[in-house]
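Below is one structure, written out as structure tokens; the observations come after it.
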Amino acid sequence: MNYKELIATALDNALEGQLKKETIIQTIEKPKSLALGDFAFPTFPLAKILRKAPQVIAQEIAAKISIKEFEEVQAVGPYVNFFLDKRSYSDTILHQILAERAAYGNQDLGQQGKVPIDMSSPNIAKPISMGHLRSTVIGNSIAKILAKTNYQPVKINHLGDWGTQFGKLIEAYKLWGSEEEVKADPINKLLEYYVRFHKEDVAHPELDDEARAWFKRLEDGDAEAITLWKWFRSESLKSFMRIYNKLGVEFDSFNGEAFYNDKMDEVVTLLEKKGLLQESRGAQIVDLSKYNLNPALIKKTDGATLYITRDLAAAIYRKRTYDFSQSLYVVGNEQTNHFKQLKAVLKELGEDWSDDIHHIPFGLITQGGKKLSTRAGRVILLDEVLDDAVALAKKQIEEKNPQLADKELVAKQVGVGAVIFHDLKNERMNNFDFDLEEVVRFEGETGPYVQYAHARAMSILRKAAKQDLNETKSAAYQLNDEDAWEVLRLLGSFSAIIKRAVTEYEPSVVAKYSLHLAKSFNKYYAHTKVLTSDDQLIARVALVKSVAVVLKESLRLLGVQAPVEM
RNA sequence: GCGCUUGUAGCUCAGCAGGAUAGAGCGACCGCCUCCUAAGCGGUAGGUCAUCGGUUCGAUUCCGAUCAAGCGCACCA
């Protein structure tokens, strides 16, 4: 039901063509306070035209208007305020949610269009840090929201599994490593070798030559080099998978940098053919000065390719493979320029679909105000953060609900949920300084707060199930009290929230919504006893059930579990 | 120096396409468990919306300048 449209039609009639209907629709707004109704029409713009005081105009309009769906149309100062008929709105929305369940809020914005999402993308032989968490959970949530709006997301983990660092890694392993060590603790050991290499090559620059030689052998397909590389890659991947399992994130593709090795020549040839390649300071570049961008470095002085060459190959490959309607890159804000260059080069190549490529940037995580850096030892290991969070959740359960059945499982859901939610609740672009206590907080505006509201709703529903409260299609869900109204309004705005979240690629919109809904529901059941026998009992149960459905669905879209009890 | 992003309560942040007394959470102080799990609910205190201009009947919101912070600025990704 489009209420704005209804109001606009009524206003249009009342105003007898003084304003265009489109203008009227744009002018209609939502009042800040529920006491001022559900929709409002400010009369300021009419004051000039009609040469009357806005207050007078508001009163004249209000007197003329009556709409079935609204119980009251009232002039308050210069505004005409519209109050929805609570009983009928309540009845409509609750029936709709209970009929559609998890599909409530679904809409067809994408028409099945495929959307590859470049996300997470950790480097082999390096641990997954909090920085990767952002890309992973933001990408994961966007994928779910896209699916809800009828796109087909393709989650691609563009692994950092190639490059000169593998030469260093192989050399370091040959010098100081052992198979047993790596098997026992792959990431940490590999990282250790890598770090040691960087320490020792200061005094022994010949190590760099050895590393270069190893990487050359790797590129040339030397059997030993390839075997080691594959092994490092698979061991690293195994430990990454442990973390992805904890987070509940799955991927559709692990095609990383190495996958595009044999696909870069074509890009270079293409650029040459189009006459876009120039030599500059010994390197091959594409000039982008007409885009007001730095030149794109395609080949180094030594002929080796670079990041952007690989990304060009990947972009083209994805277009061919998926014929995408959009292609997303969930990558930190600091790489904005790179993606501008990427799109510009594709544009120069005449690939008009470059406009469908969107960089989804996000803010930086710092610690003590400083940028995280593996080399400076400022790393926050995601695995440890998750474990800490789960341990803390476990402790909370022991304190607050010691007789809970599935303590371990719920502790995982709550602990991990807190970490994910914390990352998604604010706008992507905000930077944040890492604070473990802040991340694993369970009170206030947090994931567990939303989970708790859901668990409480489920608890009420379990009790209700023991009574015989059959919901039927003919049942009247006509609630009209103030606390219920806040909840109902929020339930009704779910679709609009999903739409905004997907067009802005902004999971925080859903996260904020879930907090608002949880808050209004907490308030509701704190002040209204649901399970008392009166003529609105069934309607209240329907409200609780609807809240549970929408809260669970909101959390699902964020990649957060919703335990039924906690 | 140039470019991008950001500047709202002590702290962390909302405020959707400009509109009615600027909202939450945390922290502080004060209340509420014979009542569906107190991971909850209620109340008090706390803001010249960085600064200065401009557009408008009206600007926290749009535009410009200034100041401050973060990030980036060719052979890393």
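In what follows, every chain begins at residue 1, and chains take the letters A, B, ... in the order their sequences are listed.
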Interatomic distance at [atom1], [N] relative to [M], whole Å:
{"N": "B:A22", "M": "B:U66", "atom1": "P", "result": "31 Å"}
{"N": "B:A20", "M": "B:U60", "atom1": "P", "result": "10 Å"}
{"N": "B:C41", "M": "B:G25", "atom1": "P", "result": "8 Å"}
{"N": "B:C29", "M": "B:G70", "atom1": "P", "result": "34 Å"}
{"N": "B:G7", "M": "B:C63", "atom1": "P", "result": "13 Å"}
{"N": "B:A9", "M": "B:C67", "atom1": "P", "result": "22 Å"}

Are OP1 or OP2 of [N] and a side-chain N or O of [X] less than 4.0 angstrom apart?
{"X": "A:K48", "N": "B:C57", "value": "yes"}
{"X": "A:R441", "N": "B:C11", "value": "no"}
{"X": "A:N430", "N": "B:G7", "value": "no"}
{"X": "A:K32", "N": "B:A20", "value": "yes"}

Take atom [atom1] of [X] and atom [atom2] of [N], then tell me their distance rounded to the nearest Å.
{"X": "A:L34", "N": "B:A20", "atom1": "CG", "atom2": "P", "result": "15 Å"}
{"X": "A:Q165", "N": "B:C76", "atom1": "CD", "atom2": "P", "result": "11 Å"}
{"X": "A:F339", "N": "B:A77", "atom1": "CZ", "atom2": "P", "result": "13 Å"}
{"X": "A:N431", "N": "B:G72", "atom1": "CG", "atom2": "P", "result": "11 Å"}
{"X": "A:Q341", "N": "B:G72", "atom1": "CD", "atom2": "C1'", "result": "11 Å"}
{"X": "A:E427", "N": "B:C16", "atom1": "CD", "atom2": "C1'", "result": "11 Å"}
{"X": "A:K30", "N": "B:G23", "atom1": "NZ", "atom2": "P", "result": "18 Å"}
{"X": "A:L515", "N": "B:C26", "atom1": "CG", "atom2": "P", "result": "11 Å"}

Distance-only side-chain donor-acceptor flag, [X] / [Y], under 3.5 Å:
{"X": "A:W485", "Y": "A:D38", "answer": "yes"}
{"X": "A:D311", "Y": "A:Y260", "answer": "no"}
{"X": "A:T136", "Y": "A:S120", "answer": "yes"}

- Below 4.0 angstrom, N of the basic side chain to O of the carboxylate: do A:R456 and A:E565 qualify? no
- Find which nucleotide of RNA chain B each of A:N337 and A:L306 is nearest to by heavy atoms, and output the residue with the more 5' nucleotide. A:N337
In the structure shown, which nucleotide is the Watson-Crick or G-U wobble counterpart of [N], with both distances under 3.5 Å?
{"N": "B:C26", "value": "B:G10"}
{"N": "B:C49", "value": "none"}
{"N": "B:U61", "value": "none"}
{"N": "B:U37", "value": "none"}

- Message: Within the 4.0 Å limit for protein heavy atoms, which parts of nucleotides 37-46 of chain B are touched? Write it as a string from 5' to 3', B for base, S for sugar-phosphate only, - for none.
- Response: BSBSSS----
- Message: Classify the ring geometry of A:H338 against A:Y307: parallel below 30°, tilted from 30° to 60°, perpendicular beyond 60°.
- Response: parallel
- Measure the acute angle between the ring planes of A:F166 and A:W229, then classify it against the limits of 30° and 60° as parallel, tilted or perpendicular. perpendicular
- Task: Just compare B:G3, B:A17, B:C73 and give me whichever is closest to any side-chain atom of A:K340.
- Result: B:G3
- Task: For the side chain of A:E445, starting at C-beta, report the closest nucleotide among B:G70, B:U21, B:G25.
- Result: B:G25
- Task: Verify whether the ring centers belonging to A:H358 and A:Y329 lie closer than 6.0 Å.
- Result: no
- Message: Tell me every residue that passes salt bridge (Lys or Arg N to Asp or Glu O under 4.0 Å) with A:E29, counting only those two or more places apart in sequence or in another chain.
- Response: none
